[in-house]
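Worksheet: the structure to be examined is printed underneath.
Just so you know, ligand 1 is whichever comes first in the structure, and atom 1 is the first atom listed for that ligand.
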Amino acid sequence: MSDANADSLFCKILAGDIPADIVYESETVLAFRDINPQAPTHVLVIPRKHISTINDVGVDDHVIVGGLYGAAREIAVTEGIAADGYRTVMNCNAAAGQTVFHIHLHVLGGRALAWPPG
Ligand code: 5GP
């Protein structure tokens, strides 16, 4: 599903109905700090367009999804984690631990990150 969805938690943040600590915004993307950070830097990068999961990304959305990575790159620089390294993660559906059904790229850094993830 890729229609506007006013009920999505992150659509409410986009609308300004729920406050967030915004660190980056562009015409297509918004980024804000995760409410329950798993690393010293933990930012969520979301598209302004509502897309529920990676499974719902259409061919027309490829530029938007690419923009999430462009934003992550800029955020890593401003957060001071670009040189040391950081991780980007996008969970898809229950088995991967997705809990908010509006795609979001986690940007995690500021500490050593183990691999493989749990
Ligand atoms: P997921 O588990 O879907 O990959 O990630 C959802 C993320 O959203 C979690 O890391 C969670 O802490 C974060 N989150 C959930 N509710 C809110 C909220 O209201 N504000 C912010 N900033 N982050 C949230």
* Would you call Glu25-Arg48 a salt bridge at under 4.0 Å N-O? -> yes

* His106: heavy atom below 4.0 Å from ligand 1, yes or no? -> yes

* Structure fact -> Closest heavy-atom pair, Ile81 versus Gly109, reported as atoms and distance to 0.1 Å, is CD1-CA, 3.9 Å

* Structure fact -> Nearest non-hydrogen protein atom to atom 22 (N) of ligand 1, with distance, is Arg33 O, 2.9 Å

* **Qualifying residue for side chain to side chain contact (heavy atoms under 4.5 Å, CB included) with Leu44, from Asp34, Leu30, Ile13** => Asp34

* Asked: Heavy-atom contact under 4.0 Å between Gly97 and ligand 1?
  -> yes

* To do: Treat each ILVMFWY residue as a node, draw an edge where side-chain heavy atoms are under 4.5 Å apart, and state whether Ile64 and Leu105 are in one component.
  => no

* N or O pair under 3.5 Å between Leu9 and ligand 1 -> no

* Asked: Do Gln98 and Ile54 have side chains that get closer than 4.5 Å, going by heavy atoms?
  -> no

* N/O separation below 3.5 Å, His104 to ligand 1 -> yes

* To do: Please write down residue, atom name and distance for the protein heavy atom closest to atom 12 (O) of ligand 1.
  => Asp34 OD1, 2.5 Å

* N or O contact, Asn91 vs ligand 1, cut-off under 3.5 Å -> yes

* Asked: Counting heavy atoms only, which of Val89, Ile22, Ile35 comes nearest to atom 24 (C) of ligand 1?
  -> Ile35

* Work out whether the distance between some heavy atom of Phe101 and some atom of ligand 1 is less than 4.0 Å. => no

* Hydrophobic cluster membership, Leu108 vs Val23, 4.5 Å side-chain cutoff -> no

* To do: Check whether more than 12 heavy atoms from other residues, nucleotides or ligands sit under 6.0 Å from atom CZ of Arg73, and answer yes or no.
  => no

* Asked: Are Asp17 and Lys12 ion-paired here, with the side-chain N under 4.0 Å from a carboxylate O?
  -> no

* Asked: When you look for heavy atoms under 4.0 Å from ligand 1, do you find them on the side chain of Asp21, its backbone, both, or neither?
  -> neither

* Residue pairs passing the ring pair (Phe, Tyr, Trp, His ring centres under 6.0 Å) test where at least one lies in residues 11-42, sequence neighbours excluded -> Phe10-Phe32, His42-His106

* Atoms in ligand 1 with a heavy atom of Phe10 nearer than 4.0 Å -> 8 (O)

* **Ligand-residue contact atoms, ligand 1 with Phe32, heavy atoms, under 4.0 Å** => 22 (N)

* Do Val29 and Tyr69 share a hydrophobic cluster, counting only Ile, Leu, Val, Met, Phe, Trp and Tyr and linking them when any side-chain heavy atoms are less than 4.5 Å apart? -> yes

* For atom 3 (O) of ligand 1, closest protein heavy-atom neighbour -> Thr99 N, 2.7 Å

* Asked: Does Val100, backbone or side chain, put an N or O under 3.5 Å from an N or O of ligand 1?
  -> yes

* To do: Run the numbers for me: atoms of ligand 1, each under 4.0 Å from some heavy atom of Asn36, listed by number.
  => 12 (O)

